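These notes concern the structure reproduced below.
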Amino acid sequence: MPELPEVEIRRQYLETSSLNQPIAHIEVEDRKLLTTDYNTLLTTLVGRQFTGTRRVGKNLFVLTDAPDVIVHMHFGMTGDLEYYHASLDRPRFARIVFEFSNGFNLGFLCPRKFERVGLIDSIDAFLERKKIAPDGLDISVNELSERIRRKKAFIKPVLLDQSVVAGLGNWIVDEVLFQARVHPEQRADTLTNEQLTALHDATRLVLETAIRHEATYRDFPNSFLIHVREWDDSPYDDVEAHKFCPRCRTRIERSTVGGRTTFFCPKEQNIPV
DNA sequence: TCTCTTGTTCAAAA
DNA sequence: ATTTTGAACAAGAG
């Protein structure tokens, strides 16, 4: 789940629930989830407060009242946050828990242990070191085009590359390509200016739509491809109807591109000849 | 029981 | 040397 829109929702959640409360303790069930030594994490953060948040791509940064002390969070494939009163049971999979002195806890839920939390001293240095490109909501059409044109790989894995544009994951890339009518296996360096503009427009459309609907897939417009994904089905959905292109009713094709499951409309997403 | 998975990394291959 | 590919990571869900 945690692609850019989900991380943005989590950022807003942390921002409204967990700022300006002294940290009394931090529980960590499995230290492999930390990118910073546990004792360093404790001595650095206990007594401090979260003061603000920033997000770039799928990375969430939590600022503190100590200079140059920033908590970095990455949600992997399944990470989530839950703010709850300490008198309640710890939420399932809350393997890292920030305990505030006011009796509330912020749980970092890590069902699959692909998530990571650690300290950094500079967001810019972190982005540089990790080669994180500009965020999908900030990147200009020129910069996106420039970065895509440099690559020869299929456009799908290029858009998944966080050093090209930050925040797009597997389903968003499929959705962006569908909205822009670009085939996932078109070579990146063969995209026309019109296609690059369409990709930039589609990126904004998909990201903004997802954030507006708080990343709840079933609420997305019917014009979106996402409804073909089986994990979107609800008891109210006509599952069969979702296997067809919402525009031309052609059966949606499922394949593997760049090692990832890919859905696309074989009629509308063509490679120009 | 078996397959699949929304992400990233790193080593191998090209 | 650089870019691309693909396995590995861990564990839950269906």
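Below, read A as the first sequence line, B as the second, and so on, with proteins coming before strands; counting in each chain starts at 1. These figures come from a predicted structure and were not determined experimentally.
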Handout entry: Between Thr78(A) and Glu115(A), a side-chain donor and acceptor under 3.5 Å
Key = yes
Problem - Lys58(A) side chain near dT8(B) phosphate (N/O to OP1/OP2, under 4.0 Å) - result: yes
Handout entry: Gap separating the CD atom of Glu208(A) from the CG atom of Leu4(A), nearest 0.5 angstrom
Key = 10.5 Å
Problem - OP1 or OP2 of dT4(C) under 4.0 Å from side-chain N/O of Lys151(A) - result: yes
Practice task
Remember a base hit wins even if backbone is also touched, and classify Arg150(A) as base, sugar-phosphate or nothing at under 4.0 Å, heavy atoms.
Solution key: nothing
Fill in the blank from the handout: Heavy atoms of Pro266(A) and Arg251(A) approach each other most closely as CD-O, 3.4 Å
Exercise for the section: Mind listing the closest non-hydrogen atom pair of Ala166(A) and Ala133(A) along with its distance? Expected result: CB-O, 3.3 Å
Handout entry: CA sep, side-chain torsions, deciding dist, call: Lys156(A), Asp174(A), salt bridge (Lys or Arg N to Asp or Glu O under 4.0 Å)
Key = CA-CA 8 Å; Lys156(A) 169 152 183 176; Asp174(A) 280 3; 2.7 Å; yes
Practice task
Please state how far atom CE in Met77(A) lies from atom P in dG12(C), giving the value in whole angstrom units.
Solution key: 13 Å
Handout entry: Length of the line joining Glu3(A):CD and dT5(B):C1', which is rounded to integer Å
Key = 12 Å
Exercise for the section: Just compare dT4(C), dT5(B), dG12(C) and give me whichever is closest to any side-chain atom of Arg112(A). Expected result: dT5(B)
Exercise for the section: For residues Tyr83(A) and Phe104(A), establish whether the separation of their ring centroids is below 6.0 Å. Expected result: yes
Problem - Nearest-angstrom distance from the residue atom CZ of Arg187(A) to C1' of dT5(C) - result: 11 Å
Problem - Cationic tip of Arg10(A) above Phe108(A) ring, under 6.0 Å, 45° of axis - result: no
Practice task
Ignoring backbone atoms, test whether His74(A) places a side-chain nitrogen or oxygen under 4.0 Å from the OP1 or OP2 oxygen of dT8(B).
Solution key: yes
Practice task
Please check the phosphate of dT5(B) (OP1 and OP2 only) for any side-chain N or O of Thr78(A) closer than 4.0 Å.
Solution key: no
Practice task
Measure from CZ on Phe114(A) to P on dA13(C) and round the result to the nearest Å.
Solution key: 15 Å
Fill in the blank from the handout: Taking dG7(B), dA10(C), dT5(C) as options, the one with an atom nearest any side-chain atom of Lys113(A) is dA10(C)
Practice task
For the side chain of Arg254(A), starting at C-beta, report the closest nucleotide among dG7(B), dG12(C), dT5(B).
Solution key: dT5(B)
Handout entry: Given dG7(B), dT4(C), dA10(C), the nucleotide with the shortest approach to the side chain of Lys152(A)
Key = dT4(C)
Handout entry: Side-chain donor-acceptor contact under 3.5 Å, Arg116(A) with Thr35(A)
Key = no
Problem - Beyond-backbone contact of Leu159(A) with Ile148(A), side-chain heavy atoms, under 4.5 angstrom - result: yes
Completion exercise
Note: contacts of residues 116-146 of chain A with DNA chain C (heavy atom, under 4.0 Å) are none
Problem - Nucleotide dT4(C), atom C1' - distance to CD1 of Ile148(A) in whole Å - result: 17 Å
Fill in the blank from the handout: To the nearest angstrom, the CG-C1' distance between Leu109(A) and dA11(C) comes to 14 Å
Handout entry: Ile172(A) CD1 to dT5(B) P, straight-line distance once rounded to whole Å
Key = 17 Å
Problem - Selection: residues 153-170 of chain A, any non-hydrogen atom under 4.0 Å of DNA chain B - result: Gln162(A), Gly169(A), Asn170(A)
Exercise for the section: Would you mind classifying the nucleic acid contact of Phe93(A) as base, sugar-phosphate or nothing, using non-hydrogen atoms under 4.0 angstrom? Expected result: sugar-phosphate
Handout entry: His227(A) ring center near Phe220(A) ring center (under 6.0 Å)
Key = no
Handout entry: Nucleotide dA11(C), atom C1' - distance to CG of Leu33(A) in whole Å
Key = 12 Å
